[in-house]
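Throughout, a chain's letter reflects where its sequence line sits, starting with A, and its residues are numbered from 1.
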2 protein chains.
Amino acid sequence: MKILLSNDDGIFAKGIETLAMVLIERGHDVYVVAPDEDASGTGHGLTINKPLRYRKYNINGNFFGYMVNGKPADCVKLARWEIYRDVDFDFMISGINRGANLGVDLFYSGTFGAASEAALLGVRSIALSLSEPFDHGKNYLTAAVFAADFIEKIKDFQFPRYKLLNINVPNVKTEELKGYKFTIQGDRNYKENFDKRFDPNGHEYFWITGNAVEYSSNYHSDYYVLKDNYVSITPVALDLTDEKFGLQIEKELNK
Amino acid sequence: MKILLSNDDGIFAKGIETLAMVLIERGHDVYVVAPDEDASGTGHGLTINKPLRYRKYNINGNFFGYMVNGKPADCVKLARWEIYRDVDFDFMISGINRGANLGVDLFYSGTFGAASEAALLGVRSIALSLSEPFDHGKNYLTAAVFAADFIEKIKDFQFPRYKLLNINVPNVKTEELKGYKFTIQGDRNYKENFDKRFDPNGHEYFWITGNAVEYSSNYHSDYYVLKDNYVSITPVALDLTDEKFGLQIEKELNK
């Protein structure tokens, strides 16, 4: 199959390299277009106020990809309309992200943003993340093998318009995985997330940090099954309309 | 009421100034925290790889605001957790955006991103945009007056968790408005959106452009009612889960 890869950790990240290697080893044609630096947290943003460039990059002598001076969603648009405009991709996989993308992370994650962009362009897409790889032992291979098996199983199923999957894999060896579960986007959000510091001139500056709070402990939630060593598969629709809420507001206006 | 304002066009934009002036004139307490430069297209992205700073800025001698070296969603987080941490906002309005935010724009728009962030933080929020203000005659006042009247009417209604409104106002005088309609997020997307150029050294670079295509001509759509000189009010839920799609994929996996 023809598979487009991108991510938000940048083209130098181990996650995208591991994923590409496994997919190539399985005999797929792999196309890599990824940011030239870490673009974590850039969501579905685009670069519209500065020009974009791309160049070819040889990844550890094994294969090559294109690196872009932009965000993950820019990479997908460039791949689709410029670099690989004649390629009809079977799948787009974004990742493997360094760290889980759960709950409200979907709005901030550049990895999810790239997968969303692919879905908007009509390509079957998956955002793929590995949980907690900040400690020793990053099991990117577990996520890569899961994804390679997964797309094989669903290769004959066309996704409905503007739908995609958000997959999170626990940071364990393949044999320690309990399986997979379909989940909802959980209510996991962040509180008080600034670290205030002072530069050598005495001026204050702020780092965004992340103190995650899990508001509803629902056993169908992405974060809940992940902690229990299952792969979490969240089916996603890029349709934000909420008609019920509209009716409530309309009623209020007509009071 | 206590109203937080932000936008993606930057603190110098006429849209946010007009909105602030009208709300102050109505007797509200207005709090402005906005990007120090144009951040259009940055979506719901955050700034996590560089430090944020903010400083006070006097807007035309009329009132002041805080300008942030970040994205719209950064501004909302800084307002909530740092600058105005003790203020309990009644509403957050993001805008008035220079140009409509319709269809898939909701994923790219920093104006919508700021309103989404406010919703995630539990503040009643509205993304507010003015259609086609690129010609002569920008009717920001029409949008500002509509919003001021609107929040007055719904001031006793608490929004459900993670819900917000996306409001687009046609670029006409108030007396030319036909009224408002509740709408769905339409299927309006972009095609072939790169402008390829060469720099003086002969190297290519690309600008993202926007050739909008309206895929479904649905009279409930945001863009449809806007063209007909109605204000479009799209009720939005920040919940991406699509259970039906999940069941389809699950069935395919079990084949």
Q: Can you tell which part of A:T47 gets under 4.5 Å to a heavy atom of chain B, answering side chain, backbone, both or neither?
A: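 Backbone only.
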
Q: Is there a side-chain contact between A:L46 and B:S40, using heavy atoms and a 4.5 Å cut-off?
A: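 No, side chains not in contact.
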
Q: Is there a side-chain contact between A:R53 and B:D199 in this structure, where contact means two heavy atoms from C-beta onward sitting under 4.5 Å apart?
A: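 In short, these two side chains touch, coming nearer than 4.5 Å.
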
Q: Measuring heavy-atom distances to chain B, does A:N166 have an atom under 4.5 Å in its side chain, in its backbone, in both, or in neither?
A: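 Interface part for A:N166: neither.
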
Q: With B:F150, which residues qualify under ring-ring contact (aromatic ring centres under 6.0 Å, His included), at least two apart?
A: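 For B:F150, the residues satisfying ring-ring contact (aromatic ring centres under 6.0 Å, His included) (neighbours in sequence not counted) are B:F146.
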
Q: Would you indicate whether the side-chain heavy atoms of B:L120 and B:Y162 approach each other to under 4.5 Å?
A: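 Result yes, sub-4.5 Å side-chain heavy-atom pair found.
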
Q: Check the side chains of B:T234 and B:T183 for a donor-acceptor pair under 3.5 angstrom, ignoring hydrogens and angles.
A: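 B:T234 and B:T183 do have a side-chain donor-acceptor pair below 3.5 Å.
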
Q: In terms of heavy-atom pairs under 4.5 Å with chain A, which of B:K244, B:E37, B:K50 leads?
A: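 Heavy-atom pairs under 4.5 Å are most numerous for B:K50.
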
Q: Just so I understand: if I count every heavy-atom pair under 4.5 Å between each of B:T42, B:L253, B:D239 and chain A, which residue has the most?
A: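 Ranked by contacts with chain A, first place is B:L253.
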
Q: If we define contacts as heavy-atom pairs under 4.5 Å, which of A:I233, A:D195, A:L238 has the most with chain B?
A: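 So the answer, after comparing A:I233, A:D195, A:L238, is A:L238.
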
Q: Using non-hydrogen atoms only, which part of A:N254 is less than 4.5 Å away from chain B: side chain, backbone, both, or neither?
A: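 Only the side chain of A:N254 comes within 4.5 Å of chain B.
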
Q: So which bits of residues 110-117 of chain B come within less than 4.5 Å of chain A, counting non-hydrogen atoms only?
A: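 Listed by number, the contacting residues are B:F112, B:E117.
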
Q: For B:E204, look at atom CD and say whether over 12 heavy atoms of other residues, nucleotides or ligands are found less than 6.0 Å away.
A: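 Atom CD in B:E204 is crowded, with more than 12 foreign heavy atoms closer than 6.0 Å.
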
Q: Could you tell me which of A:G43, A:A39, A:G41 has the largest number of non-hydrogen atom pairs under 4.5 Å with chain B?
A: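 Highest number of heavy-atom pairs under 4.5 Å: A:G41.
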
Q: Decide yes or no on side chain to side chain contact (heavy atoms under 4.5 Å, CB included) for A:H220 and A:K181, but give the supporting numbers first.
A: CA-CA 8 Å; A:H220 297 298; A:K181 283 188 178 174; over 6 Å; no

Q: Looking only at heavy atoms and a cut-off of under 4.5 Å, which of A:L121, A:D156, A:N189 has the most pairs with chain B?
A: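 Max contact count across the listed options: A:N189.
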
Q: Which atom names give the shortest non-hydrogen contact between B:F245 and A:P235, and what distance separates them?
A: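 Scanning both residues, the minimum pair turns out to be CD2-CB, 3.7 Å.
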
Q: For the CD1 atom of A:I93 and the CG atom of A:L164, what is their distance to the nearest 0.5 Å?
A: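 Nearest 0.5 Å value for the CD1-CG distance: 12.5 Å.
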
Q: So which residue, A:I208, A:I154, A:V104, ends up with the most heavy-atom pairs under 4.5 Å with chain B?
A: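 Ranked by heavy-atom pairs under 4.5 Å with chain B, first place is A:I208.
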
Q: Is it the backbone or the side chain of A:L106 that comes under 4.5 Å from a heavy atom of chain B, or both, or neither?
A: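 A:L106 touches chain B through side-chain heavy atoms alone.
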
Q: Around atom CD of B:E243, are there more than 12 heavy atoms from other residues, nucleotides or ligands closer than 6.0 Å?
A: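 Open.
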
Q: Is there a side-chain contact between A:F194 and B:L52 in this structure, where contact means two heavy atoms from C-beta onward sitting under 4.5 Å apart?
A: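 Counting from C-beta outward, A:F194 and B:L52 do come under 4.5 Å.
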
Q: Say you draw a straight line from CZ of A:F12 to CE of A:M67; how long is it, rounded to the nearest 0.5 Å?
A: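 One finds 4.0 Å between CZ of A:F12 and CE of A:M67.
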
Q: Looking at side-chain heavy atoms only, is the closest gap between A:I11 and A:D36 below 4.5 Å?
A: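 Result no, sub-4.5 Å side-chain heavy-atom pair not found.
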
Q: May I have the step-by-step check of side chain to side chain contact (heavy atoms under 4.5 Å, CB included) for A:Y180 and A:I167, ending in yes or no?
A: CA-CA 10 Å; A:Y180 62 80; A:I167 298 184; over 6 Å; no

Q: Spell out the residues in residues 79-89 of chain B that have some non-hydrogen atom less than 4.5 Å away from a non-hydrogen atom of chain A, in order of number; otherwise answer 'none'.
A: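 Contacts with chain A: B:W81, B:E82, B:R85.
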
Q: Within the structure provided, determine whether A:L240 and B:F107 are in side-chain contact (heavy-atom separation under 4.5 Å).
A: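 When only atoms from C-beta onward are counted, B:F107 and A:L240 do touch, with a gap below 4.5 Å.
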
Q: With a 4.5 angstrom heavy-atom cut-off, is it the side chain or the backbone of A:L247 that approaches chain B, or both, or neither?
A: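 Neither part.
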
Q: Please flag which part of A:R161 lies under 4.5 Å from any non-hydrogen atom of chain B: side chain, backbone, both or neither.
A: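 For A:R161, side-chain heavy atoms alone lie under 4.5 Å from chain B.
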
Q: Under a 3.5 Å distance rule, please check whether A:D222 uses its side chain to pair with a backbone N or O of A:Q185 as donor and acceptor.
A: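 It does not hold such a pair.
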
Q: Do B:S6 and B:M92 have side chains that get closer than 4.5 Å, going by heavy atoms?
A: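 A side-chain contact under 4.5 Å exists here.
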
Q: Counting only non-hydrogen atoms closer than 4.5 Å, does A:F182 touch chain B with its backbone (N, CA, C, O), its side chain (CB onward), both, or neither?
A: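 Just its side chain gets close to chain B.
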
Q: Atom CZ in A:R188, atom CG in A:N101: separation rounded to 0.5 Å?
A: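 One gets 9.0 Å once the value is rounded to the nearest 0.5 Å.
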
Q: Looking at B:H203, B:K191, B:R197, which makes the most heavy-atom pairs under 4.5 Å with chain A?
A: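 Highest number of pairs under 4.5 Å: B:K191.
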
Q: With a 4.5 Å limit on heavy-atom distance, are the side chains of B:R124 and B:Q158 in contact?
A: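 Of all side-chain heavy-atom pairs linking B:Q158 with B:R124, at least one is under 4.5 Å.
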
Q: Which atom pair, heavy atoms only, marks the closest approach of B:Q248 to A:F157?
A: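 Heavy atoms only, the tightest pair is CB-CZ, 3.6 Å.
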
Q: Taking heavy atoms only and a threshold strictly under 4.5 Å, list by residue number the residues of residues 69-78 of chain B that touch chain A; give 'none' if the list is empty.
A: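 Within residues 69-78 of chain B, the residues that come under 4.5 Å of chain A (heavy atoms only) are B:K71, B:D74, B:K77, B:L78.
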
